[in-house]
Amino acid sequence: MSSLLQHPGHEEESLQRVSDQLPCREVQAGTLLSLMGQPHQYSYPSIFIYGHRSSGKSHVLHVLLKELELPHAPVSCVECVSVALLFEQVLLSFFGADAASLLPRSPSLSDFVRVYRNQCSQSPAEQTRYIVMEKAELLRDADANLLPALLRLQELVEDNVTVILLSEIVWDKFRPNTGCFEPLLLHFPDYSKGELQHILSHDRHPSYSAEFYSSYINILLGVFYSVCRDLRELRHLPHAMNVAFTCFCVSSVKETDTHKLWRNMEPHLKKAMQTVYLREVSSLQWEKMQQMEEKESGALRGLSAHTHVELPYYSKFLLIAAYLASYNPARTDKRFFLKHHGKIRKTNFLKKNEKTSNHLLGPKPFPLDRLLAIFYSVVDSRVAPTASIFSQISSLVTLQLLTQVSHDDQLDAPKYKCAVSMDFICAISRTVNFEIVNYLYDFL
């Protein structure tokens with residue numbers, strides 16, 4: 001699937017190594033090489049590379065600069081919290097520690113340009129130098145003159161230097177209002193399902209055939225592709241990529257018996273669906289947890305890694321209240337949460353005529369005011385209805401522990417639904433010493 005890159009300024013052997021390390025990104029690598037031009041010629045002053053997260057932007061650029069041995073200065077805009085750190089990193093990478101020490105304590109842009117030009121006069125560039133700005137969207141929060149200056153740094157310092165900006169947002173949202181030098185744009189599209197399968201298939205163990213591991217990856221993507229297309233997240237799923245594959249290739253089942261293989265790995269994939277993007281545990285931690293679960297009693301066996309999520313104190317009670325609101329009928333709230341609810345006939349709470357329990361029917365939506373009413377009843381201390389409580393509800397929705405079922409325009413009465421299992425909520429309840437079973441209608 002890989003094709004050899006061609007460029008007159010570099011050796012074919014180096015380009016072959018680059019091509020081998022960039023599966024499904026040969027087109028973008030070839031375009032970037034064309035934009036960079038010959039190593040000993042002046043390149044374009046600035047290049048803007050954009051694309052969604054985990055689309056190969058940083059990897060492609062890093063491989064090109066490393067394998068082709070091009071002088072470059074990697075700068076992370078997350079780590080460089082000030083322009084002083086940014087200037088120091090660039091001078092340190094190109095000219096060494098002595099040049100970086102020439103900067104004053106609080107350097108301005110003119111100080112950086114002056115030191116850079118002095119160093120260039122002593123050691124002129126033999127080939128194009130590249131400054132790679134990771135997470136470049138953070139530059140929008142820096143000084144107003146920094147981004148326009150970086151885009152035309154080649155002109156300011158009179159050196160063969162190119163600034164490459166890597167960002168997850170498009171240039172239209174990046175461009176300063178005052179105007180600036182327009183860089184060359186290069187877009188990295190998302191990986192398709194076939195490309196993800198091809199890349200993930202490279203991780204197979206030599207003891208398994210390529211066809212066998214490819215069929216496993218095909219099943220994995222069939223489950224996760226609709227909710228996660230991030231290559232790094234798919235590789236990080238520990239129980240999906242390790243435990244599930246161990247169950248997929250147990251020795252007692254033949255490679256051709258796909259039905260039994262799927263049946264062995266299905267429970268682990270269902271657990272993995274609950275932990276996409278959360279990154280709760282590493283692969284090694286997950287394997288240790290699996291070993292501990294096997295040694296524990298049957299009551300604790302089978303809990304997913306989701307039960308190990310560490311939530312804030314009040315978020316746990318909010319989640320408990322949401323579970324009670326989803327699985328208890330609204331008419332039972334008075335019975336469970338009011339101390340002086342008057343005389344209520346016991347027959348009203350018997351389930352003789354009910355065919356199925358609420359847990360079998362699944363969670364039901366509930367309004368925000370009911371959630372807060374139950375929350376203030378079950379929490380063991382007086383809590384003011386502050387913005388912190390409402391932000392924690394939004395966080396639970398972001399973590400997919402709650403699901404908002406109402407439309408976004410319904411600001412006055414949003415409705416939610418609890419999206420966690422019984423095992424998970426019981427584990428959360430134990431951490432706050434709350435007996436949730438005593439408040440569930442199905443267990444009366």
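The chain is numbered in sequence order, starting from 1. Quick note: numbers below take in every heavy atom, side chains included, and nothing from hydrogens, waters or symmetry partners. Small disclaimer: the values here were computed from a predicted structure and weren't measured.
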Student: Quick check: are there more than 12 heavy atoms from other residues, nucleotides or ligands sitting under 6.0 Å from CD of Q38?
Tutor: yes

Student: Please give me the minimum heavy-atom distance between E79 and L85, naming the atom from each residue.
Tutor: O-CD1, 4.0 Å

Student: Determine whether L150 and I131 make a side-chain contact, defined as any pair of heavy atoms from C-beta on separated by less than 4.5 Å.
Tutor: no

Student: Applying ring pair (Phe, Tyr, Trp, His ring centres under 6.0 Å), can you list everything that pairs with F434, at least two apart in sequence or on another chain?
Tutor: Y439

Student: Taking the side chain as every heavy atom from C-beta outward, state whether S121 and R117 have any pair of such atoms under 4.5 Å apart.
Tutor: no

Student: State, to 0.1 Å, how close K316 and L311 come at their nearest heavy-atom pair, and which atoms those are.
Tutor: CE-O, 3.3 Å

Student: Quick one: closest heavy-atom pair of A142 and L146, and the distance?
Tutor: CB-CD2, 3.7 Å

Student: Does any part of the side chain of V163, heavy atoms only, come nearer than 4.5 Å to the side chain of M133, both counted from C-beta?
Tutor: yes

Student: Between S429 (side chain only) and I425 (backbone N and O only), is there a donor and an acceptor less than 3.5 Å apart?
Tutor: yes

Student: Sorted by first residue and then second, give each ring pair (Phe, Tyr, Trp, His ring centres under 6.0 Å) pair with at least one member in residues 116-141; sequence neighbours left out.
Tutor: F95-Y116, F112-Y116

Student: May I ask you to decide whether D190 forms a salt bridge with R229, counting only side-chain N to carboxylate O separations under 4.0 Å?
Tutor: no

Student: Given side-chain contact (heavy atoms from CB on, under 4.5 Å), test L231 with L200 step by step and report yes or no.
Tutor: CA-CA 8 Å; L231 179 61; L200 292 173; 3.8 Å; yes

Student: List the residues meeting salt bridge (Lys or Arg N to Asp or Glu O under 4.0 Å) with E11, not counting sequence neighbours, and say none if there are none.
Tutor: none

Student: Evaluate whether atom NE2 of H62 has more than 12 neighbouring non-hydrogen atoms of other residues, nucleotides or ligands under 6.0 angstrom away.
Tutor: no

Student: Going by side chain to side chain donor-acceptor pair (under 3.5 Å), name the pairs with one or both residues in residues 42-51, residues two or more places apart or in two chains.
Tutor: S43-T162

Student: Would you give the length of the straight line joining atom CD of E137 to atom CG of L166, rounded to the nearest 0.5 angstrom?
Tutor: 9.5 Å

Student: Do side-chain atoms of N160 reach the backbone of E126 as a donor and acceptor pair under 3.5 angstrom?
Tutor: no

Student: For D111 versus P107, what's the shortest heavy-atom pair and its separation?
Tutor: OD2-CA, 3.7 Å

Student: Please tell me whether E134 and S76 have a donor and an acceptor in their side chains that are separated by less than 3.5 angstrom.
Tutor: no

Student: Does R129 form a side-chain contact (heavy atoms from CB on, under 4.5 Å) with F94? I'd like the steps, not just the answer.
Tutor: CA-CA 8 Å; R129 296 182 173 120; F94 288 154; 3.6 Å; yes

Student: List the residues meeting side chain to side chain donor-acceptor pair (under 3.5 Å) with S110, not counting sequence neighbours, and say none if there are none.
Tutor: S108

Student: What residues, two or more places apart in sequence or in another chain, satisfy salt bridge (Lys or Arg N to Asp or Glu O under 4.0 Å) together with D143?
Tutor: none

Student: Residues two or more places apart in sequence or in another chain: which of them pass salt bridge (Lys or Arg N to Asp or Glu O under 4.0 Å) with R140?
Tutor: none

Student: Mind checking salt bridge (Lys or Arg N to Asp or Glu O under 4.0 Å) for E67 and listing every partner two or more places apart, or none if nothing turns up?
Tutor: R17

Student: Under 3.5 Å, is there a donor-acceptor pair linking the side chains of D20 and Q16?
Tutor: yes

Student: Take L165 and L139 through the side-chain contact (heavy atoms from CB on, under 4.5 Å) test and state the conclusion after the steps.
Tutor: CA-CA 10 Å; L165 306 175; L139 293 175; 4.1 Å; yes

Student: How many angstroms lie between atom CZ of F48 and atom CD1 of I164, to the nearest 0.5 angstrom?
Tutor: 12.5 Å

Student: Grab the two heavy atoms, one from I393 and one from L372, that are nearest each other, plus how far apart they are.
Tutor: CD1-CD2, 4.1 Å

Student: Using the test ring pair (Phe, Tyr, Trp, His ring centres under 6.0 Å), find all partners of H10 that sit at least two apart in sequence or belong to another chain.
Tutor: H7

Student: Go through the structure and list residues passing side chain to side chain contact (heavy atoms under 4.5 Å, CB included) with A322, not counting sequence neighbours.
Tutor: F366, L371, L402, C418

Student: Please say whether the positively charged group of R370, taken as NZ for Lys or CZ for Arg, lies over the ring of Y416, i.e. under 6.0 angstrom from the six-membered ring centre and within 45 degrees of the axis.
Tutor: no

Student: Between S55 and E168, is the side-chain contact (heavy atoms from CB on, under 4.5 Å) condition met? List the steps.
Tutor: CA-CA 10 Å; S55 57; E168 296 180 12; over 6 Å; no

Student: Looking at every heavy atom in both A84 and R105, which two are closest together, and how far apart are they?
Tutor: CB-O, 4.5 Å

Student: Is there a side-chain contact between P45 and E155 in this structure, where contact means two heavy atoms from C-beta onward sitting under 4.5 Å apart?
Tutor: no

Student: Return yes if some donor-acceptor pair links the side-chain N/O of K57 with the main-chain N/O of G51 below 3.5 Å, else return no.
Tutor: yes

Student: Can you list everything that forms a ring pair (Phe, Tyr, Trp, His ring centres under 6.0 Å) with Y323? Sequence neighbours excluded, please.
Tutor: Y327, H359

Student: Is S93 close to H72 at the side-chain level, that is, under 4.5 Å between some pair of heavy atoms?
Tutor: no

Student: As an exercise, state the distance from CD of Q21 to CG of L64, rounded to the nearest 0.5 Å.
Tutor: 9.5 Å

Student: Once rounded to the nearest 0.5 Å, what's the spacing between atom CG of D423 and atom CD1 of I428?
Tutor: 12.0 Å

Student: For a 4.5 angstrom cut-off between non-hydrogen side-chain atoms, does R175 reach E182?
Tutor: yes

Student: Would you say that more than 12 heavy atoms from the other residues, nucleotides or ligands in this model lie under 6.0 Å from the NE2 of H187, or not?
Tutor: yes

Student: Does a side-chain heavy-atom distance below 4.5 Å link V115 with F87?
Tutor: no

Student: Who are the side chain to side chain contact (heavy atoms under 4.5 Å, CB included) partners of S394, not counting sequence neighbours?
Tutor: none

Student: Using a 4.5 Å cut-off on heavy atoms from C-beta on, say whether the side chain of V83 contacts that of L109.
Tutor: no

Student: What's the spacing between L147 CG and L138 CG if we round to 0.5 Å?
Tutor: 12.0 Å

Student: Take a 6.0 Å sphere around CD of E13 and say whether it holds more than 12 heavy atoms from other residues, nucleotides or ligands.
Tutor: no

Student: Taking atom OG of S214 and atom CG of N218, what is their separation to the nearest 0.5 Å?
Tutor: 6.5 Å

